[in-house]
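In each ligand, atom 1 is the first atom listed, and ligand 1 is the first ligand listed.
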Amino acid sequence: QWDAQVSNGQAIVHLFEWPWSNIASECESFLGPRGYGGVQVSPPNEYVKVYQGDVRRPWWERYQPVSYQISSRSGNDADFRDMVARCNNVGVRIYVDGVINHMSGWWPAGTGSTGTSGFDAGSQSYPGVPFSAYDFNDGNCNTGSGNIENYNDASQVRNCKLVGLNDLNQGSEYVREKIVDFLNYLVDMGVAGFRIDASKHMWPGDMKIIFDRVNNLNTDYFSAGARPFIFQEVIDLGGEAISGQEYVGNGRVTEFRYGKYLGEAFRGYNQLTYLSNFGEGWGMLDRAYSLVFIDNHDNQRGHGAGGANILTFRVSKWYKMANAFMLAWPYGFTRLMSSYYWDQNWVDGQDKNDWIGPPMDASDNIIGPSINADQTCGNGWICEHRWRQIYNMVQFRNVAHGTDMNDWWDNGNNQIAFCRGNRGFIAINNEGYDLKQSLQTCLSEGSYCDVISGNKEGGSCTGKTINVGSDGVAYIEITTMEDDGVLAIHAESKI
Ligand code: LAG
Ligand code: CA
């Protein structure tokens, strides 16, 4: 449950709100060939269609389940199955965002959903499962409003409603059974694991009972006895009643401090020199239990945790630097974010457009990404995972997998460099002046292509070429005029 069950890639990407058919082609044409290990997909099961004043089909409607029928704006059951098979066939795994803490919020009877089940939130009737009022926590919650009011009280965080969402009682045998059936349906289809939404809001012991009952992975794609990968979304920045540590016995846990601290460092509120022991040395979870990322679908738009210093595609130079550091650094299992664009509308420090959903047509169908000649995406999709600096660092991580960090160098401030065994070398310059330095790269003698400024194509390099001497030393230059503040070479970028 801690092993991502990847076949060859050590990083996964969240293709937020992508249609299943687009993900299937992306696995075949890009993710498989580029060494991505897998995809986190948006919730696939039936949910509320939200129309509320100006708010029209927000992304967050997918976090209000109505049943476990596979039917969403990304496609139906057949589309989903086709994607799982096609991705697995090219060695790319699928991880489902499992929303099992709650069902929908309150909506008037007759409100539509993305499937055929229908629901009545007021009487807590979800006939597609079926769930009824007996299956919810209301009786176990003792706050006046029925909502979570105080995050210093673990029992209300787990037994009361999160922002008004009908809270399932995972202590009930019947509820567990329905959740296990849902997870098993997906596992049997070939899914490799789950991001467990809102894990902080469920008791770790109840979750353990549920996960222990999930089947082994499908042997058409995985070895016999392989267990589903579980990564639990627990927002723990310290200072609350519930800690991420309580969940490590069930699977990996999202380490939200990781992206927050890197955001602060690259924005200049902390020096990169301190990153030499980034990870456990900074009080974060043990690397064997952590799932790390620079931003996610919540904190890239001010939801969730991390605050204003989180880096996103909007500050692309820092974003690429932070992702490069993450992918080069031997800590945790890495996840990349892949976004769509929306116009922000800042009012009193809050983006009034933080609800905006993916690009859609006049009938509210998602318009999936198109692929431009230069490999970037069109139709309003950012596709950070297709940026050269990012996909080449995914390859770096794969090439360096299994080695430790060594030969750390820094200038005492914001220029750093290090090796990964004798497999890879990276230098980062976040200083207001150039980096010009002879450094130990730990690589064997020869010429290497810097995979940040270019690609190795055939026998040559479209970016900077770095000459490593017989002593492993190379002259490294990253000027402030360059597009990127990173230089990276590895055993497979030798020319
Ligand atoms: C998560 N992790 O624990 C998701 O990553 C996060 O995106 C989900 O919240 C949350 N838990 C519940 O699954 C998102 C939005 C919320 C949204 C919620 C339900 O961040 O803003 O709440 O999904 O759709 C919305 C409204 C609320 C309203 C609620 C109920 O924003 O004002 O009370 O719906 O109708
Ligand atoms: Ca709960």
Side-chain angles (χ1 to χ4, degrees), residues 14 16-17 40-43 45 47-55 57-66 72-73 96-108 111 113-114 119 121-122 131 135-143 145-149 151 153-172 175-176 179 194-207 210 231-236 240 242 244 247 253-254 256 291 293 295-306 335 337 339 350-357:
H14 181 18
F16 180 49
E17 287 279 3
Q40 177 186 321
V41 301
S42 284
N45 53 304
Y47 50 86
V48 180
K49 280 185 179 172
V50 172
Y51 293 92
Q52 199 180 23
D54 290 344
V55 175
R57 307 302 303 269
W59 61 270
W60 48 253
E61 65 179 21
R62 293 177 91 116
Y63 293 91
Q64 302 206 19
V66 160
S72 71
R73 266 217 288 185
V96 168
D97 194 346
V99 185
I100 58 175
N101 171 63
H102 53 264
M103 299 301 280
S104 74
W106 186 88
W107 299 95
T111 296
S113 70
T114 57
F119 69 108
F131 282 140
D135 304 317
F136 293 86
N137 259 328
D138 304 71
N140 301 321
C141 166
N142 48 27
T143 64
S145 63
N147 281 319
I148 300 165
E149 294 171 1
Y151 275 82
D153 173 354
S155 86
Q156 61 172 275
V157 173
R158 286 162 173 158
N159 292 344
C160 296
K161 292 179 183 178
L162 168 64
V163 296
L165 300 160
N166 282 329
D167 201 56
L168 285 167
N169 175 10
Q170 292 83 11
S172 139
V175 170
R176 287 174 186 160
I179 293 173
F194 303 93
R195 167 203 187 250
I196 302 293
D197 181 70
S199 293
K200 186 198 273 185
H201 304 283
M202 295 180 277
W203 297 94
D206 291 340
M207 294 170 75
I210 290 170
F231 54 107
Q232 303 156 94
E233 193 237 8
V234 180
I235 299 177
D236 172 18
E240 282 181 19
I242 294 166
Y247 292 82
V253 175
T254 54
F256 276 83
L291 186 291
F293 46 96
D295 61 333
N296 77 350
H297 75 278
D298 283 320
N299 64 19
Q300 74 167 192
R301 47 176 49 72
H303 284 235
R335 177 182 63 191
M337 178 68 202
S339 320
Q350 218 223 315
D351 173 17
K352 293 285 173 203
N353 286 347
D354 65 354
W355 58 271
I356 290 183

Would you mind checking if R195 and E233 are paired as a salt bridge, meaning a charged N to carboxylate O distance below 4.0 Å?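 Salt bridge: yes.
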
Charged N to carboxylate O under 4.0 angstrom, K161 versus D167? no

N101 near the Ca ion (ligand 2): N/O/S under 3.0 Å: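 So N101 does bind the Ca ion (ligand 2) by this criterion.
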
The Ca ion (ligand 2) and R158: any N/O/S contact shorter than 3.0 Å?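 Coordinating: yes.
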
If only atom types and distance count, is the side chain of E17 paired as donor or acceptor with the main-chain N or O of G357 below 3.5 Å? no

Between [X] and ligand 1, find which residue part has any heavy-atom pair under 4.0 Å and reply side chain, backbone, both or neither.
| X | value |
| --- | --- |
| W59 | side chain |
| H297 | side chain |
| R62 | neither |
| Q232 | neither |

Residue selection (non-hydrogen contact nearest atom 7 (O) of ligand 1) among V55, D298, V99, D97: D298

Counting heavy atoms only, name the option from I196, N147, T254, D197 that's nearest to atom 1 (C) of ligand 1. D197

Under 4.0 Å from atom 23 (O) of ligand 1, can you find at least one protein heavy atom?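 Flag for atom 23 (O) of ligand 1 set to true, protein heavy atom closer than 4.0 Å.
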
Atom 34 (O) of ligand 1 touched by protein (heavy atom, under 4.0 Å):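 Looking at atom 34 (O) of ligand 1, one finds that a protein heavy atom does lie closer than 4.0 Å.
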
Write out the residue and atom name of the closest protein heavy atom to [atom], then the distance separating them to 0.1 Å.
| atom | value |
| --- | --- |
| atom 28 (C) of ligand 1 | V163 O, 3.7 Å |
| atom 2 (N) of ligand 1 | E233 OE1, 2.7 Å |
| atom 14 (C) of ligand 1 | W60 CB, 3.7 Å |
| atom 9 (O) of ligand 1 | Y63 CB, 4.6 Å |
| atom 20 (O) of ligand 1 | H303 ND1, 2.6 Å |
| atom 12 (C) of ligand 1 | H102 CE1, 3.5 Å |
| atom 19 (C) of ligand 1 | Q64 NE2, 3.4 Å |
| atom 10 (C) of ligand 1 | L162 CD2, 4.2 Å |

Using a plain distance cutoff, I'd like to know if G105 has any nitrogen or oxygen under 3.5 Å from a nitrogen or oxygen of ligand 1. no

Quick one: pull up CE in M202 and CD1 in I100 and give me the separation to the nearest 0.5 Å.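 It comes to 4.0 Å.
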
Please check if the distance between the ring centroids of H297 and Y63 is under 6.0 Å.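 Yes - the distance between ring centres of H297 and Y63 falls below the 6.0 Å cut-off.
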
Can you tell me if G164 contacts ligand 1 (heavy atom of the residue under 4.0 Å from the ligand)?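 G164: no contact with ligand 1 (<4.0 Å).
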
Tell me whether R195 reaches ligand 1 (any heavy atom closer than 4.0 angstrom to a ligand atom).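 It does; at least one heavy atom falls under 4.0 Å.
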
Under 4.0 Å from any heavy atom of A198, which atoms of ligand 1 are there?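 Numbered from 1, ligand 1 contributes 2 (N), 3 (O).
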
Please name the atom of H201, restricted to N, O or S, that is closest to the Ca ion (ligand 2). O

Which pair of heavy atoms, one from H102 and one from A198, lies closest together, and at what distance? CE1-CB, 4.5 Å

Does W59 have R301 sitting over its ring (NZ/CZ under 6.0 Å from centre, angle to axis within 45°)? yes

Evaluate side chain to side chain donor-acceptor pair (under 3.5 Å) for H14 paired with N296, printing each intermediate quantity in order. CA-CA 8 Å; H14 181 18; N296 77 350; over 6 Å; no

